[in-house]
Amino acid sequence: MLTLFPEMFPGPLGLSLAGQALDAGIWSLETIQIRDFGLGRHRQVDDTPAGGGAGMVLRADVLGPALDHARTLNPEAPLLYMSPRGAPLTQQAAHAFASGPGVTILAGRFEGIDERVIEHYHLREVSIGDYVLSGGELAAMVLLDSAIRLLPGVIGAAESLDHESFEHGLLEYPHYTKPRDWNGHPTPDVLMSGDHKKIAAWRQAQSEHITAARRPDLLHSGTRPTPAKKP
Ligand code: SAM
């Protein structure tokens, strides 16, 4: 994790499921302080944008040596740059990161980074949504959390992952628990029927209904697996 704020890590990733997995050695994290590669007595990392304009830009001659160093730690890992211009982070991408050799992530700050770094290192730009954060650290944590929870051994019942939103191109069905009746709102009868076939069919119908109402784009995104043909 290349950042100007290594003290932000592991942050929330040190708690709960990700934190337990970190303690158990299922995943690990190394932070690299970009400023260690800064220039001069003040370890300068940024400068004014070429062509003028507001803000500062992280320098290529600082990020280059920092990325070279990161590559020696995990040469196989893809180099990612958290960026609002990047490809949106998806559940599919999270699965790919979880089954890969790890990731090296660069967190930007200020106006961003010198474009030549992206080109030279073929950085893969990843966005966590259509809004602008002050830095790439929180975005990196989102990416890491989405992948860490998919690592074997992080979540107890592997089955609970299979039904989650986006796994089959659908949003998840609604959940209920005790009490059976709460403030005049009963749990749907079908869930208390004990008929697992009926319950599965109800949940599938709910998933399809909610997806069609809230995220019709998912139904047409081509991420849904083709249903198995009946023999
Ligand atoms: N000037 C940039 C722009 O308009 O696209 C925004 C720079 S932002 C203030 C500083 C850093 O935050 C970026 O370099 C990037 O690393 C990170 N960042 C901001 N929004 C992000 C998002 N939606 N997804 C991923 N990273 C983001």
Side-chain angles (χ1 to χ4, degrees), residues 1-36 45 58 66-67 69-70 73-74 76-84 86-110 112-113 123-168 170-179 182 210 214-215:
M1 184 69 229
L2 293 101
T3 168
L4 283 170
F5 297 97
E7 60 276 24
M8 286 175 76
F9 292 87
L13 300 177
L15 302 169
S16 190
L17 287 173
Q20 286 159 21
L22 182 61
D23 292 342
I26 294 176
W27 68 284
S28 64
L29 172 88
E30 186 141 355
T31 53
I32 295 171
Q33 169 56 275
I34 294 171
R35 200 166 291 285
D36 289 347
V45 295
L58 283 164
L67 281 163
H69 172 62
L73 302 177
N74 189 353
E76 304 299 321
L79 296 176
L80 313 182
Y81 167 49
M82 302 315 298
S83 159
L89 176 64
T90 60
Q91 188 68 7
Q92 270 180 320
H95 274 286
F97 294 137
S99 57
V103 284
T104 297
I105 309 180
L106 171 61
R109 281 271 155 182
F110 319 123
I113 70 174
L123 298 184
R124 178 170 161 191
E125 294 182 71
V126 183
S127 167
I128 64 155
D130 292 347
Y131 40 79
V132 178
L133 304 167
S134 338
E137 289 80 5
L138 286 176
M141 286 181 204
V142 169
L143 183 150
L144 289 171
D145 185 68
S146 72
I148 288 165
R149 64 194 298 282
L150 299 176
L151 294 173
V154 175
I155 292 186
E159 209 193 322
S160 71
L161 289 172
D162 191 48
H163 291 102
E164 282 188 321
S165 294
F166 311 113
E167 288 296 344
H168 299 286
L170 293 174
L171 300 177
E172 201 186 38
Y173 49 79
H175 293 290
Y176 299 85
T177 183
K178 291 168 185 144
W182 176 73
I210 290 171
R214 299 183 190 178
R215 291 290 306 277

Next item on the list: Could you walk me through whether Ile32 and Met1 pass side chain to side chain contact (heavy atoms under 4.5 Å, CB included), step by step?
Entry: CA-CA 6 Å; Ile32 295 171; Met1 184 69 229; over 6 Å; no
Can you give each donor-acceptor pair under 3.5 Å made by side-chain atoms of residues 13-20, sequence neighbours left out, with the distance rounded to 0.1 Å?
none

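- Shown here are the side chain to side chain contact (heavy atoms under 4.5 Å, CB included) partners of Ser165, two or more places apart in sequence or in another chain: Leu171, Glu172.
- Looking at heavy atoms from C-beta onward, Thr31 lies out of side-chain contact with Met8 at the 4.5 angstrom threshold.
- Contact annotation: the side chain of Leu4 approaches that of Leu58 to within less than 4.5 Å [non-hydrogen atoms, C-beta and beyond].
- In this structure, Tyr173 has its ring center under 6.0 Å from that of His175.
- The CD1 atom of Ile113 sits 12.0 Å away from atom CE of Met82, with the distance rounded to the nearest 0.5 Å.
- Residue pairs that meet the salt bridge (Lys or Arg N to Asp or Glu O under 4.0 Å) test with at least one member in residues 1-29, sequence neighbours left out, do not exist here.
- A 4.5 Å side-chain heavy-atom check between Ile210 and Pro174 finds at least one atom pair inside the cut-off.
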Pairs under 3.5 angstrom only: tabulate donor-acceptor contacts from the side chains of residues 136-147 to other protein residues two or more places apart or in another chain.
{"from": "Glu137", "atom 1": "OE1", "to": "Arg109", "atom 2": "NE", "distance (Å)": "3.1"}
{"from": "Glu137", "atom 1": "OE1", "to": "Arg109", "atom 2": "NH2", "distance (Å)": "2.8"}
{"from": "Glu137", "atom 1": "OE2", "to": "Thr3", "atom 2": "OG1", "distance (Å)": "2.6"}
{"from": "Ser146", "atom 1": "OG", "to": "Leu143", "atom 2": "O", "distance (Å)": "2.7"}

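- Counting only distance, with no hydrogens or angles, the side chain of Asn74 and the backbone of Pro101 share a donor-acceptor pair below 3.5 Å.
- In terms of the side chain to side chain contact (heavy atoms under 4.5 Å, CB included) criterion, Ala96 has no residue partners (sequence neighbours excluded).
- Under the side chain to side chain contact (heavy atoms under 4.5 Å, CB included) criterion, Ala93 pairs with Leu89, Thr90, Phe97, Arg124, sequence neighbours left out.
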